[in-house]
Amino acid sequence: MTAAAASLTPDVALSDADRALLERRRRLLGPSYRLFYEEPVHLVRGEGVWLYDADGRRYLDAYNNVASVGHCHPVVVDAIARQSATLNTHTRYLHEGILDFAEDLLGEFPGELGNVVLTCTGSEANDLALRVARAHTQGTGVIVTSYAYHGVTAALAELSPSLGPAIQPGPHVRYVAAPDPYRDPNAATRFADDVQHALDDLRAHGIRPAAMLVDSILSSDGIVASPPGFLAAAAQRVRAAGALFIADEVQPGFGRTGATMWGFERHGFVPDLVTLGKPMGNGHPVAAVVARPEVMLAFGTQMRYFNTFGGNPVSCAAAAAVLNVIRDERLRDNAASTGALLGDALRDLAKRYEGMGDVRGAGLFVGVELVTDRATRAPDAGLASRVVNGMRRRGVLISASGPHANVLKIRPPLVFRSEHVSMLVATLDEVLRETA
């Protein structure tokens with residue numbers, strides 16, 4: 001699916017300048033950083049759904065939800081510039097910006113969720129949500145899905161098995177397999193039962209459950225969008241055990257799924273805590289925890305929370321601009337309509353290719369599961385890798401997801417339109433004809 005710079009071979013088609021850049025990167029940044037694609041892309045500019053490399057070639061970005069309202073959106077850029085030129089400090093002083101934004105953001109949530117705490121990253125938001133849950137429940141046990149990604153702090157790495165086999169869960173962590181409705185018609189019921197088993201196992205080991213933390217479209221587990229509502233039964237089991245349900249909306253939030261502003265709304269329940277991140281500032285580092293006030297009470301009274309950059313005026317201006325753009329440009333509606341067009345086009349294409357086993361998703365968050373054949377439904381990671389890299393060579397950027405890295409992950413900026421769908425699907429058709 002992806003390739004680290006260290007795996008490049010001499011036959012990879014890179015310019016001498018880019019090879020020198022790669023070597024400089026290895027020397028200065030060390031081995032931890034990874035690059036997308038067998039042939040890394042050297043990007044220098046972005047606009048809307050397009051990214052441009054150092055040679056001026058443009059790429060259709062069908063992967064980046066960070067620039068959720070489009071790369072370098074002028075409304076967001078202007079808001080950041082104007083606030084940067086006026087004042088930027090922290091939340092230990094009174095300032096209207098954070099309060100105006102908090103009211104606006106909370107207005108997009110169900111009324112039960114009445115508090116917001118701003119951070120810089122989704123990792124920080126998830127870390128804070130866990131602290132809040134543990135203070136409220138006096139428990140420590142946490143349940144996550146078996147190929148989840150929730151962040152990069154020490155606490156969250158062991159809750160992010162997708163980071164690799166070197167990640168080992170602590171004694172207070174339980175993994176549950178994500179539902180697989182493509183292969184199991186009883187996946188939703190089985191998922192709730194697996195959550196109950198994890199809760200029971202924590203109790204059996206003398207560990208009080210604190211929370212279940214779930215990405216509401218299970219992005220890293222292979223994109224699980226159906227049946228809508230399957231998370232509600234799991235949340236009911238979690239709450240019956242005295243724990244909290246934390247909805248990680250870093251990837252599916254902000255209108256991404258089209259039908260609703262937040263992924264959890266598709267499941268018909270209100271979480272206890274919601275975490276936000278990547279798309280919130282369209283590339284500017286701003287994130288948040290949204291919570292039921294009664295859940296925040298113990299944490300807020302027992303200890304203080306301060307984040308030097310979280311909630312600063314520039315971050316609030318960026319986030320406020322993003323919300324305005326989503327509403328003013330009706331991007332949630334666009335995610336629904338363009339996403340439906342994309343899903344239909346991909347399903348039509350799948351009729352011609354045995355390897356396209358399943359097309360699923362919600363709005364502009366689509367997964368295409370690639371298999372060796374439809375009879376066995378065996379995951380085909382090799383085909384997925386060839387497709388992702390073949391698309392990149394033709395100027396369309398996507399990625400792959402899931403425990404077998406065989407689910408094409410298509411998650412473009414919310415300004416993606418019908419003409420971009422046509423380009424993506426036509427390019428995928430070309431690549432599959434060559435590689436499938």
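Bear in mind that the values here come from a model prediction, so they are computed numbers and not experimental data. Below, all heavy atoms of this structure are taken into account, side chains as well, without hydrogens, waters or symmetry copies.
Counting all heavy atoms, side chain and backbone alike, Ala381 lies closest to Asn406 at N-CB, 3.9 Å. Considering all non-hydrogen atoms of both residues, Ala188 and Phe230 come closest at CB-CB, 3.7 Å. Considering every non-hydrogen atom in both Leu35 and Pro40, the closest pair reads CD1-CG, 3.9 Å. The two atoms that bring Val176 and Met212 nearest to each other are CG2-CE, 4.1 Å, heavy atoms only. The two atoms that bring Leu231 and Phe269 nearest to each other are CB-CE2, 3.9 Å, heavy atoms only. The minimum heavy-atom distance between Leu113 and Arg292, with the atom names listed, is CD2-N, 3.6 Å.
Side-chain N or O atoms of Arg330 include none that pairs as donor or acceptor with a backbone N or O of Asp328 at under 3.5 Å. With hydrogens and angles ignored, the 3.5 Å screen pairs no side-chain donor or acceptor of Arg332 with any backbone N or O of Ile326. A donor-acceptor pair is defined here as one N or O able to donate and one able to accept, closer than 3.5 Å; such a pair exists between the side chain of Glu265 and the backbone of Trp262. Side-chain atoms of Thr301 come within 3.5 Å of backbone atoms of Ala298 as a donor-acceptor pair (strictly under, hydrogens ignored).
For Arg377 and Tyr182, the positive end sits near the middle of the six-membered ring, less than 6.0 Å away and at most 45° from its axis.
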Under the salt bridge (charged side-chain N to carboxylate O under 4.0 Å, His left out) rule, what do Glu108 and Arg327 come out as? Steps first, then yes or no, please. CA-CA 11 Å; Glu108 296 287 349; Arg327 290 187 291 243; 2.7 Å; yes

Dump the intermediate steps for side chain to side chain contact (heavy atoms under 4.5 Å, CB included) on Asp215 and Val250, then the final yes or no. CA-CA 8 Å; Asp215 169 346; Val250 171; over 6 Å; no

Dump the intermediate steps for salt bridge (charged side-chain N to carboxylate O under 4.0 Å, His left out) on Asp200 and Arg203, then the final yes or no. CA-CA 5 Å; Asp200 293 343; Arg203 290 286 191 185; over 6 Å; no

Applying side chain to side chain contact (heavy atoms under 4.5 Å, CB included), run through Val366 and Arg411 and close with a yes or a no. CA-CA 6 Å; Val366 179; Arg411 187 193 52 182; over 6 Å; no

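Judged purely by distance below 3.5 Å, without hydrogens or angles, the side chains of Gln251 and Arg256 never pair a donor atom with an acceptor atom. A side-chain N or O of Asp248 and one of His150 form a donor-acceptor pair less than 3.5 Å apart. Under the 3.5 Å distance criterion, with hydrogens and angles disregarded, a donor-acceptor pair is assigned to the side chains of Asp373 and Thr376. For the residue pair Asn334 and Arg417, a side-chain donor N or O sits within less than 3.5 Å of a side-chain acceptor on the partner. Side-chain atoms of His73 and Glu329 form a donor-acceptor pair, as typed in the model, at a separation below 3.5 Å. At a cut-off of 3.5 Å, with distance as the only test, no side-chain donor of Asn389 or Arg392 sits close to an acceptor on the other residue. There is no side-chain donor-acceptor pair under 3.5 Å between Asp53 and His42. The closest side-chain donor-acceptor pair between Asp380 and Thr372, if any, does not fall under 3.5 angstrom. Using a 3.5 Å distance cut-off with no hydrogens or angles, the side chains of Tyr63 and Asp61 do not pair a donor with an acceptor.
Proximity of the aromatic rings of Tyr175 and Tyr147 is defined here by a centroid distance below 6.0 angstrom, and this criterion is not met. No close placement of the Phe299 and His136 rings is indicated, their centers lying 6.0 Å or farther apart.
By the neighbour-count criterion of 12 heavy atoms within 6.0 Å, atom CZ of Arg24 is sparsely surrounded, having that number or fewer from other residues, nucleotides or ligands. For Phe306, the CZ atom sits in a packed shell: over 12 heavy atoms of surrounding residues, nucleotides or ligands are nearer than 6.0 Å. Around CD of Glu47, the count of heavy atoms belonging to other residues, nucleotides or ligands within 6.0 Å does not exceed 12. Heavy-atom neighbours of Leu94 CG from other residues, nucleotides or ligands within 6.0 Å: at or below the threshold of 12. Within 6.0 Å of CZ on Arg183 lie more than 12 heavy atoms contributed by other residues, nucleotides or ligands. Crowding of Gln236 atom CD: a count of heavy atoms from other residues, nucleotides or ligands under 6.0 Å not exceeding 12.
If you take OG on Ser315 and CG on Asn88, they are separated by 7.0 Å, rounding to the nearest 0.5 Å.
The pair Arg237-Asp193 meets the salt-bridge criterion, with a side-chain N (NZ, NE, NH1 or NH2) lying under 4.0 Å from an Asp/Glu carboxylate O. A salt bridge does not link Glu369 to Arg374: none of the charged side-chain nitrogens sits closer than 4.0 Å to a carboxylate oxygen. A salt bridge between Arg25 and Glu23 is absent, with no side-chain N of the basic residue lying under 4.0 Å from a carboxylate O of the acidic one. The existence of a salt bridge linking Arg131 and Asp127 is excluded, since no basic side-chain nitrogen approaches an acidic carboxylate oxygen closer than 4.0 Å. Salt bridge annotation for Arg190-Asp180: absent, with no cationic side-chain nitrogen under 4.0 angstrom from a carboxylate oxygen.
A search for ring pair (Phe, Tyr, Trp, His ring centres under 6.0 Å) contacts involving His71 returns nothing, not counting sequence neighbours. In terms of the ring pair (Phe, Tyr, Trp, His ring centres under 6.0 Å) criterion, residue partners of Phe416 (sequence neighbours excluded) are, by chain and number, His420.
The aromatic rings of Phe264 and Phe109 sit parallel, their planes meeting at an angle under 30°, below the 60° perpendicular limit.
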Just distance, no hydrogens or angles: give the donor-acceptor pairs under 3.5 Å from side chains in residues 273-282, sequence neighbours left out.
| residue | atom | partner | partner atom | Å |
| --- | --- | --- | --- | --- |
| Thr275 | OG1 | Asn126 | OD1 | 2.8 |
| Asn282 | OD1 | Ser68 | N | 2.8 |
| Asn282 | OD1 | Val69 | N | 2.9 |
| Asn282 | ND2 | Gly70 | O | 2.9 |

